[in-house]
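Down below is the structure, laid out as structure tokens.
Just so it is clear, the model here is predicted, and its values are computed rather than measured.
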Amino acid sequence: MTQKQLRSLMILFIVPYSAFIQIIILPLLPKKFFNDANLILKSISGTASLEPNSFYQFCSNFFGSVGKALHIESFTQWAAVISSIFIIWFLISILKYTEVTVFQVLFVYMSLALLNIYVFRIGKDIIQLVMNIACYYILNSKLMNNRIKIALTTLLLVIQSVFFRSYFILVAVYFLTLILYIGFKQNYTSIGIVGKLLVLLLCSTVALLLLKKYEPALFHYLTMCRDILNTGRLGGAEAKTIVLNVFPMRSASVPLFILNYATNSIRFLFPLELIRLSIYYIPFIVYQLIVSVLVIKKLIAYCKDACLRLENQYLLLIFVVSYLLVSFIFEPDFGSFVRHECVLTPMIFSILMKEKKMRLLL
């Protein structure tokens, strides 16, 4: 089968594949997958109250207004409308590529499965996907120079940190830092990738020590957040894929935090430990391995070759890496990590579709 024929088959089955997940698979999933959507729907109908000025209240007001205008009320109606809109967008994005590889098809269908399961309904994640699509178009634009792209993307991240999730301010910090650092080091390639990582480690250590001195409360939460988030979850139904620190932290410690951060980063990127829990996690493991190896491979290439950093793909990659670096700190389990990672699909998809020899990835 040629790559053009493979592309035609991929496009042909996207709609029935998504419909199968929405109609057959979603009703079989545990209720916890729909907690946010059901809470917002109850708030819209007036049968539940939410904390004022919270993000849930924002979602309730927003979707309530849109639903009233479009006469959409039920979970099924919202899922159908949202999934239809984004699948159409996905198809339009795919049509510009004339050939695809097996790995690209695998990623597309795995991403669609995750998006249908986790995102295509009213809630926080669909708004996050919309914001990421906006960032995607900004970073891919040919009408703006890189400085404007970086400024607008950073502004969107800051807005998200104010109104949606506060930790997005860290994504903005990482985004700017990585762009400045890699760009600044483009004339200092003699230290190599390992040397650059060591410099970043040193800078991170200094930043943490300064934070400890001047913002001790924030430092304590940042370094202890995994233990704080997972307190009381052990043994619960939602703790099956929980990620606990390998090195226990009884108090806020810079060395232990860095050690656990590095260890947990590797665990999230290469979640092979999930195999021992259940064979049902294998599709998630494969999806994550494709994303992780792609990101690492491209990041190494951009660090080595300054010319590649002129591509739009470079900015998309830095956005993805920044998002992942923050997720390594705050995501309490593998399920939450994949759920929030799949909203990066527009960026990862664009980077992946530029790869012509996907066999080099594995």
Side-chain angles (χ1 to χ4, degrees), residues 55 86 107 110-111 114-115 118-119 123-140 146 149-182 200 204 207 222 225-226 229 243 261-262 264-271 284 287-300 302-303 309 311-352:
F55 185 58
F86 283 94
F107 173 79
M110 285 186 168
S111 296
L114 292 171
L115 289 169
Y118 287 120
V119 180
K124 297 180 289 185
D125 295 311
I126 191 63
I127 294 178
Q128 185 59 62
L129 178 61
V130 170
M131 298 296 286
N132 282 351
I133 289 175
C135 291
Y136 162 80
Y137 279 113
I138 290 171
L139 295 174
N140 246 343
N146 282 353
K149 292 178 185 179
I150 293 167
L152 289 177
T153 302
T154 303
L155 178 61
L156 282 179
L157 289 171
V158 172
I159 290 173
Q160 291 179 73
S161 73
V162 173
F163 295 101
F164 305 146
R165 291 182 170 123
S166 58
Y167 61 75
F168 269 86
I169 192 67
L170 273 180
V171 179
V173 171
Y174 272 118
F175 181 68
L176 290 174
T177 301
L178 288 174
I179 288 174
L180 292 173
Y181 176 73
I182 295 175
L200 278 177
S204 300
L222 184 67
C225 65
R226 182 164 302 282
L229 291 171
V243 177
Y261 180 78
N264 292 333
S265 299
I266 296 172
R267 294 171 66 194
F268 277 121
L269 291 173
F270 305 99
F284 293 93
Y287 170 83
Q288 188 57 56
L289 290 177
I290 291 175
V291 173
S292 298
V293 179
L294 171 70
V295 169
I296 293 171
K297 175 177 177 282
K298 296 297 290 184
L299 187 61
I300 291 174
Y302 286 129
C303 286
R309 292 196 285 273
E311 301 176 356
N312 289 336
Q313 303 302 309
Y314 164 65
L315 295 177
L316 292 174
L317 179 69
I318 296 302
F319 185 97
V320 171
V321 171
S322 302
Y323 194 102
L324 293 178
L325 289 173
V326 175
S327 296
F328 297 152
I329 299 174
F330 294 103
E331 296 299 352
D333 53 66
F334 289 107
S336 297
F337 179 77
V338 172
R339 172 184 175 181
H340 295 144
E341 181 186 45
C342 70
V343 298
L344 295 171
T345 294
M347 286 79 171
I348 300 173
F349 171 76
S350 181
I351 298 168
L352 183 64

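Inter-residue side-chain proximity for N132 and L344 is flagged as met; some heavy-atom pair is nearer than 4.5 Å. Side-chain contact between V321 and Y174 is absent, with no heavy atoms from C-beta onward closer than 4.5 Å. Contact of the Y323 side chain with the V343 side chain is registered, since non-hydrogen atoms from C-beta on lie closer than 4.5 Å. Between V162 and I159 the shortest side-chain heavy-atom distance does not fall below 4.5 Å. Using a 4.5 Å heavy-atom threshold, the side chains of N264 and F328 count as separate. Put simply, the side chain of E341 does not reach to within 4.5 Å of the side chain of Y118, judged on heavy atoms. Side-chain contact between Q313 and N140: present, with at least one pair of heavy atoms (C-beta onward) separated by less than 4.5 Å. Looking at Y167 and I329, their side chains never come closer than 4.5 Å, going by heavy atoms from C-beta outward.
Using modelled atom types, no side-chain atom of S350 and backbone atom of P346 make a donor-acceptor pair closer than 3.5 Å. With hydrogens and angles ignored, the 3.5 Å screen pairs no side-chain donor or acceptor of S292 with any backbone N or O of L289. Between the side chain of T153 and the backbone N or O of I150, no donor-acceptor pair lies under 3.5 Å.
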Side chain to side chain contact (heavy atoms under 4.5 Å, CB included), that's the test. Do L115 and F86 meet it? Break it down for me.
CA-CA 10 Å; L115 289 169; F86 283 94; over 6 Å; no
Walk me through it: do L222 and F330 pass the test side chain to side chain contact (heavy atoms under 4.5 Å, CB included)?
CA-CA 8 Å; L222 184 67; F330 294 103; 3.9 Å; yes
Might you work through the side chain to side chain contact (heavy atoms under 4.5 Å, CB included) test for F334 and Q288, ending with a clear yes or no?
CA-CA 10 Å; F334 289 107; Q288 188 57 56; over 6 Å; no
For E331 and R339, run side chain to side chain contact (heavy atoms under 4.5 Å, CB included): C-alpha distance rounded to whole Å, both residues' side-chain angles, the deciding distance at 0.1 Å, then the answer.
CA-CA 10 Å; E331 296 299 352; R339 172 184 175 181; over 6 Å; no
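For the atom pair Y287 OH and M110 CE, the distance stands at 9.5 Å (nearest 0.5 Å). To the nearest 0.5 Å, atoms CG (L315) and CG (N146) are separated by 5.0 Å. Atoms OG and CG, on S322 and L176 in that order, are 8.5 Å from each other to the nearest 0.5 Å. Here OH of Y314 is found 13.0 Å from NZ of K298. Values are rounded to the nearest 0.5 Å. From Y261, atom OH reaches atom CG of L325 across 4.0 Å, with rounding to the nearest 0.5 Å. The distance from the CE atom of M347 to the CD1 atom of I133 is 8.5 Å, given to the nearest 0.5 Å.
What you find for L139 and L316 is that their closest heavy atoms are CB-CD2, 3.7 Å. Of all heavy-atom pairs spanning I296 and F270, the tightest one is CD1-CZ, 3.7 Å.
Between F175 and F319, the two ring planes are perpendicular [angle over 60°; tilted spans 30° to 60°].
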